[in-house]
Protein chains: 2
Amino acid sequence: MPEFLDLHGRTSKALRAAADDGMRRHGLHLGQNHLLAALWERDGRTPGEIAAELRVTTPTVVKMATRMAASGLLTRRRDERDNRLVRLWLTEEGWALREPVETERRDLEEAVLADLTGAEREHLMTALEKIHRAATALLKDSRSAD
Amino acid sequence: MPEFLDLHGRTSKALRAAADDGMRRHGLHLGQNHLLAALWERDGRTPGEIAAELRVTTPTVVKMATRMAASGLLTRRRDERDNRLVRLWLTEEGWALREPVETERRDLEEAVLADLTGAEREHLMTALEKIHRAATALLKDSRSAD
DNA sequence: CAGAAGTCGTTTGCCGTCTAATGAATGCGA
DNA sequence: TCGCATTCATTAGACGGCAAACGACTTCTG
């Protein structure tokens, strides 16, 4: 059980749980805030566009959007010019969550990094960038195309 | 969209995908290697014990064990003295995967950290430890007991 | 010794995520 | 213009996770 992978995994899970906890306070499920963030930035996007931005597959966005539509955060509407497309539009409720959720998220980031100095944070970001690049490269290797 | 949480999330996903890729090569699904690792270290453990070690809930282990039993990696057997307990025992197949999977995992760790100097790795681990502690503390705060 | 309380594994149901298959609409080439 | 390839969203099914409800067995207590 390699040290880094192990520690990273545990950290990941803890962060995930903390984030989930925070979102739940606003009636959201983990992951939904990302979808909302995409729409806050630009409303009326299509599932495919959102999936690409969130680095997630389209079915994931579709399912999540279905649940979120059911809970009144957004609505689905077909694009008038191109009927293949579906556009997601935020409801009042969806917009209303913007401030509280963004604050929650900023607070979480700050709370979690509280014990790190500025220099430590810089090094951490650099290291994660490198790891991200390396891991992504590994994936491209094993898959025929990407 | 805070920088750190965002980068960490992306890194996490990339690592997860890379690990999944590697495990798939040995016919395993992501996560099953952890359960196997627990049994390699000590065979005949109970679902509850394994769940605690993997920091996962018992139902997660139970489900995973069911699938792994179906694919012949382990067998279920009730404890003779205490009939509430169930013990999981590795099959030949389960033991056979040990070397290749542990190697795979070590290789992944090394590949992913390849661009980091020794000092960078140390700083990274320290930083992750701090973050892990902070995130865990946040969880304990919000939950009545733990 | 018998009932109450505690300890386990299992089942159920939901969420996020992925891959693969399906279906509808557009657009391009002959 | 007509058909076929392309582009989208959706559905189906699998997996890892979690929380809550359930059921079986053990242990503690009166």
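The structure displayed is predicted, hence computed values, not measured ones. Below, chain A is the first sequence line, B the second, and so on; all start at residue 1. Side-chain atoms are counted along with the backbone in the values below, which use heavy atoms only and exclude waters and symmetry mates.
Against DNA chain D, the stretch residues 27-36 of chain B makes heavy-atom approaches under 4.0 Å through B/His29, B/Leu30, B/Gln32.
Computed from coordinates, the A/Lys13 NZ to D/dG16 P distance equals 12 Å when rounded to whole Å. Rounded to whole angstrom, the span from the CG atom of A/Asp21 across to the P atom of D/dA19 amounts to 10 Å. Rounded to whole Å, atom C1' of D/dA14 lies 13 Å from atom CE of B/Met64. Put simply, CE on A/Met23 is 15 Å from C1' on C/dG16, counting in whole angstrom units. D/dG17 atom C1' lies 10 Å from atom CG of A/Asp20, rounded to whole Å.
When the nucleotides D/dC25, C/dT17, C/dT26 are ranked by their closest atom to the side chain of A/Asn83, C/dT26 comes out on top.
Two residues are said to be in side-chain contact when any heavy atoms from C-beta on lie closer than 4.5 Å; A/Arg16 and A/Leu30 meet this criterion. With a 4.5 Å cut-off on side-chain heavy atoms, B/Arg78 and B/Arg87 do not count as touching.
OP1 or OP2 of C/dC15 has at least one side-chain nitrogen or oxygen of A/Arg67 nearer than 4.0 Å. Regarding contacts with the backbone of C/dC18, a side-chain N or O of A/Thr57 is found under 4.0 angstrom from either OP1 or OP2. The side chain of A/Thr60 places an N or O atom within less than 4.0 Å of a non-bridging phosphate oxygen (OP1 or OP2) of C/dC18.
At a threshold of 4.0 angstrom between heavy atoms, the contacts of A/Arg81 are confined to the sugar-phosphate backbone, with no base atom among them.
Between B/Glu102 and B/Arg98 a salt bridge is recorded (basic side-chain N to carboxylate O distance below 4.0 Å). Between A/Arg24 and A/Asp20 there is a salt bridge, with a side-chain nitrogen of the basic residue lying less than 4.0 Å from a carboxylate oxygen of the acidic one. Between A/Glu110 and A/Arg121 there is a salt bridge, since at least one side-chain N of the basic residue sits less than 4.0 Å from a carboxylate O of the acidic one. Under 4.0 Å is where a charged nitrogen must lie from a carboxylate oxygen, and between B/Asp82 and B/Arg84 at least one such pair does.
Inspection of the A/Arg76 and A/Thr66 side chains reveals an N or O donor paired with an N or O acceptor under 3.5 Å. Residues B/Glu104 and B/His26 have side chains that bring a donor and an acceptor to within less than 3.5 angstrom of each other.
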| remark: With sugar-phosphate taken as primed atoms, P, OP1 and OP2 and all else as base, the protein-contact string of nucleotides 4-12 of chain C at under 4.0 Å (heavy atoms; B, S, -) is --BBSSBB-
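Judged as a salt bridge (Lys or Arg N to Asp or Glu O under 4.0 Å), the pairs with a partner in residues 46-68 of chain B (not counting sequence neighbours) are, in order, B/Arg45-B/Glu53.
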